[in-house]
Amino acid sequence: MKRKLKSLLLVSLALMMAFSMVACNSKPVETNDDPIRIGFFAPITGPAAADGLSTSNSAELAVEIVNGNGGINGRKVEIVKYDDGLDTKQAVNIAQKLTTNDNVVAVVSGSYSGPTRVAAPIFQEAGIPMISGYAIHPEVTQSGDFIFSQSFSGAVQGKAGGVVAVDMLKAKRISIIAVDIDFGKELSESFTQYVEANGAEVVSLDKFAMSDSEFGPVITKLKEEVKPDLIYMANYYGHGAEIVRQVKNMDFDVQILGTEGIDSYQFLEIAGEDAEGVILTTNMDRDSEDESTQTYIKTYTEKYGLIPDMVGASVYDAFQVLFKVIEEVGTEPEDIRDAIKELKNFRTVTGVLIEYAPSREAIKPVQIQIIENGEFHYFDRIEDLDIITPVPK
Amino acid sequence: MNEVLRIEGLKMYFGGLKAIDGLDISLYREETLGVIGPNGAGKTTLFNVICGVLKPTEGKIFLNGEEVQGKSSFEMARKGVARTFQISKPLRDISILDNVVASLGINEYTGFKSLFKKSHSKETVDKAMMILRRTGLEDFKDKKAGEVSLGYLRRLEIARALAINPLLIMLDEPCAGLSNFAINEVIELIMQLKEEGKTIVLIEHNLPISMKVCDRIVVLNYGQKIAEGTPKEIQSNQEVIEAYLGEDDDFA
Amino acid sequence: MYLIVVSVNIGIFILLALSLNIITGYAGQAALGHAAFFGIGAYTSAIMTSNYGFSFWISLPVAFMVSGIVGIGLGLISIRMKDDFLAITTIGVNFVIVALFQYSSFFGASLGMTVKKPMFFGMRMNTSGYLILITIIIIITCYFIHKMNKSWFGLALSSIRNDEMVASSLGIDVNKYKILAFSLGTAIAGIAGAVYAHHMTFIYSSDFAFTVSIGILSMVVIGGIGTIRGPILGAILLGAAPELFRFFADYRMIVYGGLLVLMMRFQPQGIFGNDSFITRNFIQAYKNIFKKKVGDIIE
Amino acid sequence: MLLQQLVNGIMIGSVYALTAMGATLIYGILRILDIANAAAYAVGAYLGWYIYTLTNNLFLAFFLAMILTGLIGVLVEKYIYLPIISKPNVITIVPLITSVGLFTLTGDLLRLIAGPNVKSLGVKLRIGVLQIGNLRINPEWIFIIILTALLFSILWFILNKTKLGLAWRATASDSEIAQAMGVNINVSMALSYILGYGFAASAGIMVGLLYNSIYPTMGDIPSYKMLAIIVLGGLGNPVGTVLAGLLIGLSETLVAAYIGSIMPRDVIAFLVLIIVLLVKPSGLISKKNA
């Protein structure tokens with residue numbers, strides 16, 4: 001018995017040693033002929049695979065275009081892509097692999113809050129800058145000064161939603177339907193705060209689980225008892241589409257206001273005609289005159305046969321930011337970080353990036369789009385810095 | 001104080017079904033009591049009630065003068081009531097030896113503390129081997145119980161009951177489904193137990209066996225005792241013959 | 001570093017598989033909600049260290065206790081329900097507990113919980129630290145299970161697994177032992193949870209969902225149920241699979257699913273189970289070379 | 001409003017019953033908790049969608065997809081499950097894990113073949129909204145309810161009025177005795193899978209139609225929810241399954257309407273399950289009095 005225990009101990013010690021030996025391989029010296037390696041991870045399999053596809057397409061498109069133009073300062077860009085399956089355990093493995101094995105100079109997250117949140121501290125510790133495309137968890141950028149977010153914080157977008165509801169649409173009685181994850185929580189909280197401070201009333205709040213798809217009971221209740229004049233949907237395209245379908249099915253005459261969560265061609269596909277007239281806050285203006293926006297929309301549609309959406313555009317922008325700063329300061333991670341901090345008034349496909357807030361979240365105008373004839377169109381835009389600057393918590 | 005087991009006014013109802021309906025039985029030290037009766041007479045139910053598997057609807061059970069009805073099965077086992085099952089229930093995926101060792105542990109299953117006490121001590125294994133030798137299972141000790149034939153499983157049932165070193169052994173049709181040869185072996189084993197002075201209750205459908213083995217026989221029908229006496233008396237009891245007529249060819 | 005991180009994750013799963021094996025492998029009770037107890041341990045220790053400032057080292061035994069105590073509840077349920085009914089009820093328990101994490105603000109609700117990395121003699125625990133810690137816990141657990149197998153406790157569980165009626169006829173208090181088995185298994189899962197929470201530094205309700213329970217169970221069964229080596233090797237195999245199959249890229253989940261089906265189709269006793277192809281041949285080879293008694297090497 | 005909510009609950013409950021019916025039929029004979037039934041649900045939905053886009057005929061899509069999925073079911077039963085359960089000493093978890101593997105495999109295969117994006121059926125039914133007083137029932141629901149009733153009637157007919165059904169019921173109550181009486185249990189097993197996967201497929205198409213969306217992971221929620229329903233219904237009991245489906249549909253709807261968001265929808269099913277089983281450990285209708 002004793003002997004067996006001893007051998008077990010020895011074996012495990014040997015294993016640990018072996019692991020640390022492999023782990024300690026030193027970084028090869030970088031030369032100018034090597035491509036610039038940028039890490040990327042997204043949920044390519046699993047329940048968020050559609051968003052994974054959209055972001056991974058956009059990431060590849062961004063790299064393809066920059067390489068087509070001769071790369072950055074003559075060096076090609078190479079993308080190191082991983083699938084996290086929307087699983088935090090895999091995200092930790094990936095982050096560790098990217099920081100120690102893959103020699104990437106920077107990373108873009110094309111994933112949701114969970115995986116991005118667990119990966120962020122690892123990149124922070126390794127001193128490799130990460131830009132998160134669209135993760136909304138407030139703690140992502142709090143991991144440290146190497147972590148940036150390309151999307152609005154939940155607080156900004158919720159407040160912008162409030163502006164649309166109260167100031168533009170003059171709603172008085174508002175019902176909220178929110179998905180019960182960080183996205184829905186952050187948005188509905190700051191939305192409620194703005195709405196109630198500006199003379200309107202939130203008359204009901206219904207939370208539901210990510211996996212939920214049946215909204216008949218809630219819409220029935222809203223129609224027959226609550227009778228709001230506006231429904232604010234802090235949720236994703238699947239839920240959103242079902243809500244607008246139910247509303248139309250029940251002949252319920254109410255304005256619907258959505259968020260970037262429904263900014264997807266899949267929303268249009270599922271909801272069809274029922275989506276007409278839905279207004280949403282998002283980051284990409286489809287009617288923008290900006291050349292880069294139109295180029296992105298056009299090349300993406302041609303290449304993949306799909307209509308680009310908010311998550312893809314955000315990831316595409318994150319790559320544009322990286323290309324820009326690497327072109328200016330080279331590939332040292334600290335320099336990249338400093339340059340991102342200093343970046344001002346940079347034109348991206350989602351409008352002009354004014355700068356990164358001290359909380360390292362992008363400050364950019366909130367686009368208000370309306371669905372007309374089965375497409376997203378310009379409705380309005382919020383550029384008021386008081387609204388679009390994130391307030392540190 | 002020779003009375004090991006006394007049953008008073010025992011009733012066991014399943015909804016409307018009266019499986020046992022007012023039964024009084026006494027059992028004395030070193031006696032072998034046979035319980036016979038047609039199918040559905042309530043024999044196995046009686047066993048299950050005595051062993052604590054079922055809680056009686058009414059009535060009392062005394063074991064060595066102590067009231068025990070309604071106690072759970074493991075408590076009855078610890079009080080010295082060992083049983084075999086009509087359909088052999090070996091612990092299939094462990095060895096024959098372990099099956100017997102498990103039975104030897106009757107006083108060792110103390111809960112969490114039993115984690116720190118080794119089961120296969122030399123003393124225990126020796127004891128188990130002795131029982132295996134007695135029941136003729138020695139050669140199969142390392143075989144899994146699920147892999148041996150029915151005849152050996154019956155012996156295993158008895159070996160397990162023996163290992164408990166019981167006050168009272170209850171055998172539920174130990175010969176059912178066996179060949180004549182195997183039946184004789186089992187009978188031999190029971191006779192040995194008798195000689196050692198064990199107190200035994202035997203359910204046996206095969207009447208000649210009961211007649212041969214038992215000191216006293218109780219006949220059940222529809223949950224009631226219709227006769228009681230020595231094998232000789234039972235053999236000539238008109239009521240018993242009627243209850244069995246056409247029921248069982250073995251009765252002759 | 002990457003390998004160490006992967007190893008820590010695998011180590012956590014080894015511990016989970018070993019602990020589930022006490023309930024399912026040794027006591028023979030269906031348990032499809034093991035991840036819930038993993039979660040209870042994780043949240044218990046996370047709340048203790050992050051909200052109340054306790055040391056990680058104190059939170060470990062507390063996580064063990066709390067999970068074990070909740071596990072008693074599951075044991076009580078197992079007295080009332082059997083087999084497939086019990087199996088599905090444990091799934092239900094998994095869902096209810098995850099919902100509690102998801103909906104109660106005490107557990108961080110929909111924002112999850114951020115966990116501070118623990119200190120060890122004034123140094124921040126790094127990944128290698130976790131690897132050493134989890135290895136030590138695994139060794140202790142293995143030793144403990146080995147001890148259990150040789151004790152009356154183990155024999156009682158074997159009896160219950162085979163036939164509860166027989167077990168009680170041998171004087172075994174079946175209910176008590178079932179509760180003990182559930183509570184021990186879930187308590188060890190609680191420790192795994194505590195290490196996990198501090199290793200990941202962020203936990204969220206869905207980390208402990210039903211699919212995780214199924215994953216743990218698959219490890220036990222694929223490896224070989226009712227043995228010590230089975231769950232360990234099963235956890236290594238399935239835990240490393242998502243990483244090993246990375247170069248299949250798009251096909252890796254198909255490979256993973258296909259592997260589960262094929263293994264169950266052709267080796268239902270698990271790859272390293274008592275009756276499996278590998279074990280039989282290994283024993284044969286070992287016997288041929290060393291002419292030793294089989295019992296000495298394979299317990 | 002209460003009336004409308006009760007109708008909502010019964011409607012969603014009948015879809016649950018239909019979804020779980022396949023698993024019940026399979027459990028009835030093979031005693032397998034077949035999670036892969038949810039894979040059949042997704043495969044059926046995709047087949048239905050594909051046939052519908054080719055032919056533009058909803059009924060054809062519906063029945064062809066059911067039959068095709070049923071046939072796949074027979075292959076799965078014959079080449080995967082049957083060899084596993086006929087091996088000696090196989091613990092009951094083994095088929096369960098096999099089905100988890102099948103489910104994972106199928107879900108990702110669908111993603112690779114059809115892409116991760118949502119497909120919409122885009123069916124516009126030309127029947128109007130049914131309006132009785134304040135009560136409104138949408139055309140999709142009318143279609144689904146009629147079809148569900150039809151399918152359950154067919155099932156009832158097969159099980160109770162045909163020789164095949166008699167054999168099935170005999171096998172379900174005791175396969176050994178059935179075999180001794182000359183019932184070919186292989187046929188009963190095959191019937192279980194044809195009907196089981198066929199029903200799952202029909203449920204998949206209906207839900208696809210109802211929410212106008214078909215996607216690779218659509219089976220995720222049914223995969224566990226149907227387990228709750230079949231256990232609640234007494235495991236392997238078709239009538240119990242219908243009752244359990246309705247009970248869960250109603251509970252979910254009423255909780256969502258009157259209590260609000262105290263817990264996720266899926267949890268309600270399991271809470272109902274746990275409560276019912278604690279009171280009655282063998283489910284709503286236990287096997288014995290089926």
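Nothing here was measured: the structure is a model prediction, and the numbers come from that model. So you know, we letter chains A, B, ... as the sequences are listed, proteins then strands, and number each from 1.
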Select one option (side chain, backbone, both, neither) describing which atoms of [X] are under 4.5 Å from chain D's heavy atoms.
X: C/Phe85; answer: both
X: C/Leu100; answer: neither
X: C/Val93; answer: both
X: C/Leu32; answer: side chain
X: C/Thr24; answer: side chain

Value rounded to 0.5 Å, distance of [atom1] in [X] from [atom2] in [Y]:
X: D/Ile97; Y: C/Leu217; atom1: CD1; atom2: CG; answer: 4.0 Å
X: D/Leu109; Y: C/Met253; atom1: CG; atom2: CE; answer: 13.0 Å
X: C/Ile214; Y: D/Ser99; atom1: CD1; atom2: OG; answer: 7.5 Å
X: D/Phe270; Y: C/Ile97; atom1: CZ; atom2: CD1; answer: 13.0 Å
X: D/Ile274; Y: C/Ile88; atom1: CD1; atom2: CD1; answer: 11.5 Å

Which region of [X], side chain (C-beta onward) or backbone (N, CA, C, O), has a non-hydrogen atom less than 4.5 Å from a non-hydrogen atom of chain C, or is it both or neither?
X: D/Ile230; result: neither
X: D/Leu278; result: both
X: D/Leu102; result: both
X: D/Val272; result: neither
X: D/Leu112; result: side chain

| Do you know which of C/Gly258, C/Gly92, C/Gly28 has the most heavy-atom pairs with chain D at a distance under 4.5 angstrom? |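 Counting heavy-atom pairs under 4.5 Å, the top option is C/Gly92.
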| field | Interface residue of largest heavy-atom contact number with chain D, from C/Leu262, C/Ile254, C/Leu260, under 4.5 Å | value |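 Looking at each option in turn, the highest pair count goes to C/Ile254.
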Could you pull out all donor-acceptor pairs under 3.5 Å where a side-chain atom in residues 72-84 of chain D meets a protein atom, sequence neighbours excluded?
| from | atom 1 | to | atom 2 | distance (Å) |
| --- | --- | --- | --- | --- |
| D/Tyr81 | OH | D/Asp34 | OD1 | 2.7 |

| query | D/Tyr224 vs C/Phe95 aromatic rings, parallel, tilted or perpendicular, using cut-offs 30° and 60°? | reply | tilted
| said: Show the nearest heavy-atom pair for residues D/Lys280 and C/Arg80, with the distance to one decimal. | reply: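 Answer, listing the atom of D/Lys280 first, then C/Arg80: N-NH2, 4.5 Å.
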| note | In short, D/Val231 meets C/Asp84 closest at the heavy-atom pair CG2-O, 4.5 Å
| field | Heavy-atom donor-acceptor pair, D/Lys87 side chain to C/Arg265 backbone, under 3.5 Å | value | yes
| message | Below 4.5 Å, heavy-atom pairs only: which of D/Val100, D/Thr92, D/Leu277 has the largest tally toward chain C? | response |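 Maximum pair count with chain C is reached by D/Leu277.
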| said: Under a 3.5 Å threshold, yes or no: a donor from one side chain and an acceptor from the other, between C/Tyr251 and D/Asp108? | reply: no
